[in-house]
Novice: 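Got a structure here, written out as structure tokens. Questions coming.
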Amino acid sequence: MPADAAIDHLLEGLNPPQRDAVTHGEGPMLILAGAGSGKTRVITHRIAYLLRTGQARPGEILAITFTNKAAAEMRERVELLVGRATRAMWVMTFHAACARMLRAHADKLGFTRQFTIYDSADQRRLMKQCLDNRGYDTKRYTPRAMQSQISRAKNTLVTAEQYAETVGSPFEEIVAEIYADYDRELLRMNAMDFDDMLLNSVRLLERHQDVRDAYSNQFRWVMVDEYQDTNKVQYRWLQLLTSEHRNLAVVGDDAQSIYGFRAADIRNILEFEEDYPDAHVVKLEQNYRSTQTILDAANALISNNRGQMPKHLWTDLGQGDPVRVREMADEHAEARWVTAEIQRLVDEGVSRSEIAVFYRTNAQSRVLDEMLTRAGVAYQVIGGPKFYERAEVKDAIAYLTFLVNPQDATAFTRIANSPRRGIGQTSLSRVLAHANNMGISVWEAAEGEVPGLAKPARNAIGRFMDTMNALKRRAEENGPVAQLLDAVLHESGYLDALHAERTIEAQGRVENLQELVSAAAQYDVNAENGSLDEFLQQTSLFADSDNLREDEGLVTLMTMHNAKGLEFPIVFMIGMEDGTFPHSRSIEESNLEEERRLAYVGVTRAMRQLTLTYARRRMGYGGGGATPTIKSRFLDELPRELTDQPARISRGFPTPGRVASWSQAAAASAEYSADTNDAQLFKVGDDVVHAQLGDGVVTDLQPGGIVVVRFEGEGRDRSLMADVAPIRKR
DNA sequence: GTGACTATCGTTTTT
DNA sequence: CGATAGTCAC
């Protein structure tokens with residue numbers, strides 16, 4: 001037992017609720033952790049406390065996060081606190097924990113421990129194949145739509161059979177068919193998709209009492225981070241694992257639940273106290289990050305949502321500056337202004353790494369991208385294509401995958417003709433069909449005699465499989481993964497083909513592959529009993545590559561989703577317009593509450609200074625003219641006294657780079673007079689008032705005296721007859 | 001089987 | 001506008 005002093009040290013500097021959460025013993029606990037309230041600190045200190053006081057042994061701890069990064073950070077911080085390595089602790093993502101369980105018990109579900117993990121691109125590819133097999137028109141029934149339906153079903157614990165029982169439309173009938181086909185295909189290929197990791201783990205625990213007993217006895221202490229983002233399967237999984245000891249501590253913030261579109265169910269956190277009536281509830285409301293003004297803005301914003309768990313963030317960091325709100329003429333003016341502001345701040349001595357710009361959609365980064373480049377401001381864009389999703393990386397991984405999982409038709413299809421070997425679509429289909437007919441693996445089919453194959457194709461496949469067989473022999477030696485990967489890249493001709501291209505892009509791909517080899521080498525060093533299949537599964541679950549770099553003096557650009565969990569002294573949120581943010585689709589689907597939570601997440605990232613900008617006009621897709629916009633309703637939800645806006649902003653006059661003045665607004669409203677309208681009266685950009693629909697803006701004029709108006713609170717346009725509609729200019 | 005051309009369609013996306 | 005998927009002709 002360690003000295004009491006060490007334990008005291010763990011509790012030092014914690015506020016009373018934090019201390020309460022850290023020292024809570026047996027029994028369920030809900031930690032409502034407001035933004036910036038020291039949540040990670042509480043979890044890590046709690047784990048360390050449990051270990052230090054001897055209540056827990058490392059092997060009894062299961063700490064679940066959503067990202068690998070969060071898991072790595074958590075383990076690191078715990079190890080720092082307890083002063084030793086704690087390999088036996090399960091500190092990992094839901095998916096990684098499931099993968100580990102499934103590997104150990106794969107046979108119980110009809111898989112081998114070498115099963116492949118499919119990402120969403122693989123998923124879609126297979127869906128398309130299933131659709132094609134049944135002869136459905138993949139334009140009418142897009143793989144994308146199938147994927148989202150099936151994924152949603154899996155995440156809400158609805159199996160293919162159950163789905164089939166509840167179909168209510170022809171579309172759903174097709175989904176049901178494809179769902180069943182797709183699952184069958186996965187099983188045949190010895191593969192699971194991301195959603196299956198959870199779903200199959202639940203099946204494993206439900207069907208095998210002994211397995212459930214073993215794990216639920218092992219994990220005496222379970223902690224879950226970002227609980228507001230858990231979905232139904234994850235909920236069930238936790239239930240199965242914690243039924244024995246009931247020491248489930250969840251940490252989350254209902255106000256930051258922003259992954260509903262990924263089937264996260266906010267009810268999990270809202271109803272935790274109903275699920276566990278004896279739950280100990282701790283609220284962390286003291287914020288250590290932002291000024292009181294920023295917190296007040298966030299509190300005010302979120303108070304527009306119903307059914308939030310009551311919470312009030314406060315800080316002793318002081319009032320700080322007002323939230324800045326700026327109107328710009330268009331997105332270019334917006335980008336120019338933000339760029340100029342950043343330059344000004346940097347001149348004043350602010351480090352670029354202290355500045356972040358958030359937007360709703362990735363596409364919005366483009367204009368800013370250009371402007372910052374032109375101005376010579378160093379920046380990084382977070383998001384975009386991920387390392388492990390790059391074609392060349394996926395190809396390389398597919399080679400390795402096929403070596404360990406000869407049933408993986410997706411991997412085979414991917415690599416057979418990459419690099420080009422003269423194996424086309426038709427030959428591939430023949431091989432796959434043959435494997436299917438004979439009930440053998442693709443590997444076996446490709447090695448054997450495939451009926452109906454033309455001689456050139458047969459030779460090409462023969463040579464390919466010779467290479468693969470040679471590589472397989474190497475793989476079976478269980479040497480370092482890096483060496484095997486290197487051999488794969490050389491002997492498959494992949495590198496040669498890239499070199500032959502002699503382009504900059506190809507050079508970049510070679511570099512990416514080198515990076516992959518390094519990653520493999522890293523694995524070889526770190527893994528205790530490394531194996532190729534473990535490396536592959538680990539890699540499949542590790543998607544984030546473009547890790548945030550903190551120390552390079554770069555301004556950070558990212559979506560608000562990506563901003564969760566981060567903080568920056570200076571934050572800009574751009575595109576604060578209805579239709580952009582809240583996004584038009586969210587408005588249509590009346591998903592405003594989640595959208596508002598996203599705004600809340602954005603706002604609460606700011607430590608010192610928050611600036612919100614919106615553009616008077618914004619370009620749609622086509623090069624066609626920019627369309628007038630309405631400023632975001634979220635801006636109206638901010639109390640005037642928290643912002644630096646003296647009064648309501650004029651909507652009649654675009655005022656590039658500057659706030660419109662009161663007098664301009666007054667002039668604008670004095671402009672109209674007529675009672676009956678003449679279509680001539682309106683022009684695009686006019687602000688109008690409709691007797692029933694309220695305020696809007698003219699977005700288009702059409703022949704026949706039709707004015708197209710977008711009203712506040714609606715994501716779409718309405719066509720109105722100018723002379724009869726009860727509208728007038730404001 | 002491969003390259004070039006054209007139609008289509010646009011959120012967010014921890015794993 | 002621009003990425004990407006799908007079609008068509010060699």
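By convention in this document, chain letters (A, B, ...) are assigned in the order of the sequence lines, proteins followed by strands, and residues within each chain are numbered from 1.
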Novice: Walk me through whether A/L372 and A/D369 qualify under side-chain contact (heavy atoms from CB on, under 4.5 Å).
Specialist: CA-CA 5 Å; A/L372 288 169; A/D369 221 304; over 6 Å; no

Novice: Taking OP1 and OP2 of B/dT14, is either one under 4.0 Å from a side-chain nitrogen or oxygen of A/K386?
Specialist: yes

Novice: Tell me if a side-chain donor or acceptor on A/N405 pairs with a main-chain N or O of A/T401 at a distance below 3.5 Å.
Specialist: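 Not confirmed, A/N405 side chain does not pair with A/T401 backbone.
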
Novice: Can A/H561 be called stacked on B/dT12 when the rule is centres closer than 5.5 Å and an angle between planes below 30°?
Specialist: no

Novice: A/R100 has an atom CZ; how far is it from atom C1' of B/dT15, in whole Å?
Specialist: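 Taking CZ of A/R100 and C1' of B/dT15, I get 17 Å after rounding.
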
Novice: Report the residue (A/E226 or A/K139) whose heavy-atom-nearest nucleotide on DNA chain B is the more 5′ of the two.
Specialist: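 Result of the comparison: A/K139.
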
Novice: Counting heavy atoms from C-beta on, name the nucleotide in B/dT15, C/dG6, B/dT14 closest to the side chain of A/H95.
Specialist: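 Closest of the options to the side chain of A/H95: B/dT15.
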
Novice: Which part of the nucleic acid, if any, lies within reach of A/Y259 when heavy atoms closer than 4.0 Å are counted: base, sugar-phosphate only, or nothing?
Specialist: base

Novice: What integer distance in Å separates A/Q537:CD from B/dT15:C1'?
Specialist: 14 Å

Novice: Establish, with yes or no, whether the OP1 or OP2 oxygen of B/dT13 is under 4.0 angstrom from a side-chain nitrogen or oxygen of A/N562.
Specialist: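 Yes, because at least one side-chain N or O of A/N562 sits under 4.0 Å from OP1 or OP2 of B/dT13.
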
Novice: Less than 4.0 Å between a side-chain N and a carboxylate O, is that true for A/E534 and A/R103?
Specialist: no

Novice: Of all the nucleotides listed (B/dG1, B/dT15, B/dT11), which has the minimum atom distance to the side chain of A/S427?
Specialist: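 Comparing B/dG1, B/dT15, B/dT11 against the side chain of A/S427, the answer is B/dG1.
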
Novice: Looking at A/N591, does any N or O in its side chain come under 4.0 Å of the phosphate oxygens OP1/OP2 on B/dT11?
Specialist: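 Negative; the distance criterion is not met.
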
Novice: How long is the line joining CZ of A/R366 and P of C/dC1, in whole Å?
Specialist: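 Nearest whole value for this atom pair: 10 Å.
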
Novice: Going by ring-ring contact (aromatic ring centres under 6.0 Å, His included), name the residues that satisfy it together with A/F634, two or more places apart in sequence or in a different chain.
Specialist: A/F581

Novice: Minimum heavy-atom separation for A/L541 and A/N68, please, with both atom names.
Specialist: O-ND2, 2.9 Å

Novice: Expressed as a whole number of angstroms, how long is the span from A/R597:CZ to B/dT11:C1'?
Specialist: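 Interatomic distance, CZ of A/R597 to C1' of B/dT11: 16 Å.
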
Novice: Check this one for me: any side-chain N or O of A/N417 less than 4.0 Å away from OP1 or OP2 of B/dG1?
Specialist: no

Novice: Would you measure the distance from the P atom in B/dT13 across to the matching atom in C/dT4 and give it in whole Å?
Specialist: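 Going atom to atom, P in each nucleotide, I get 16 Å.
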
Novice: Hey, is B/dT12 sitting syn or anti, using the within-90° cutoff around 0?
Specialist: anti

Novice: Give me the distances for all protein-to-nucleotides 3-7 of chain B N/O pairs that come in under 3.5 Å?
Specialist:
{"residue": "B/dG3", "atom": "OP2", "partner": "A/R420", "partner atom": "NH1", "Å": "2.7"}

Novice: In terms of side-chain geometry, is the basic nitrogen of A/K394 or A/D119 positioned less than 4.0 Å from the acidic oxygen of its partner?
Specialist: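 Looking at A/K394 and A/D119, the cut-off is met.
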
Novice: Using only side-chain N and O atoms of A/R144, determine if any of them is under 4.0 Å from OP1 or OP2 of B/dC9.
Specialist: no

Novice: So which one's nearest nucleotide on DNA chain B is more toward 5', A/A457 or A/T559?
Specialist: A/A457

Novice: Going by an N to O cut-off under 4.0 Å, is there a salt bridge joining A/R633 and A/D578?
Specialist: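 Between A/D578 and A/R633 there is a salt bridge, with a charged N closer than 4.0 Å to a carboxylate O.
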
Novice: Report yes if a side-chain nitrogen or oxygen of A/T65 is closer than 4.0 Å to either non-bridging phosphate oxygen (OP1 or OP2) of B/dT14; otherwise report no.
Specialist: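 For B/dT14, OP1/OP2 do not have a side-chain N/O of A/T65 under 4.0 Å.
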
Novice: B/dT11 P sits how many Å from A/F581 CZ, rounded?
Specialist: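 Rounded to the whole Å, the gap is 16 Å.
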
Novice: Given atom CE of A/M92 and atom C1' of B/dT14, what is their separation to the nearest angstrom?
Specialist: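 To the nearest whole Å, that distance equals 16 Å.
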
Novice: Answer yes or no: side-chain N or O of A/R360 and base N or O of B/dT11 forming a donor-acceptor pair under 3.5 Å.
Specialist: no

Novice: Under the salt bridge (Lys or Arg N to Asp or Glu O under 4.0 Å) rule, what pairs show up with a residue in residues 144-159 of chain A, not counting sequence neighbours?
Specialist: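 Residue pairs with at least one partner in residues 144-159 of chain A: A/K154-A/D183, A/K154-A/D193, A/K154-A/D196.
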
Novice: B/dT13, OP1 or OP2 - any side-chain N/O from A/S120 closer than 4.0 Å?
Specialist: no

Novice: Give a yes/no on whether any side-chain N or O of A/S586 is located under 4.0 angstrom from OP1 or OP2 of B/dT11.
Specialist: no

Novice: Say you draw a straight line from CG of A/D253 to OH of A/Y227; how long is it, rounded to the nearest 0.5 Å?
Specialist: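 It comes to 14.5 Å.
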
Novice: Taking atom C1' in both C/dA5 and B/dT12, what distance in whole Å separates the two?
Specialist: 23 Å

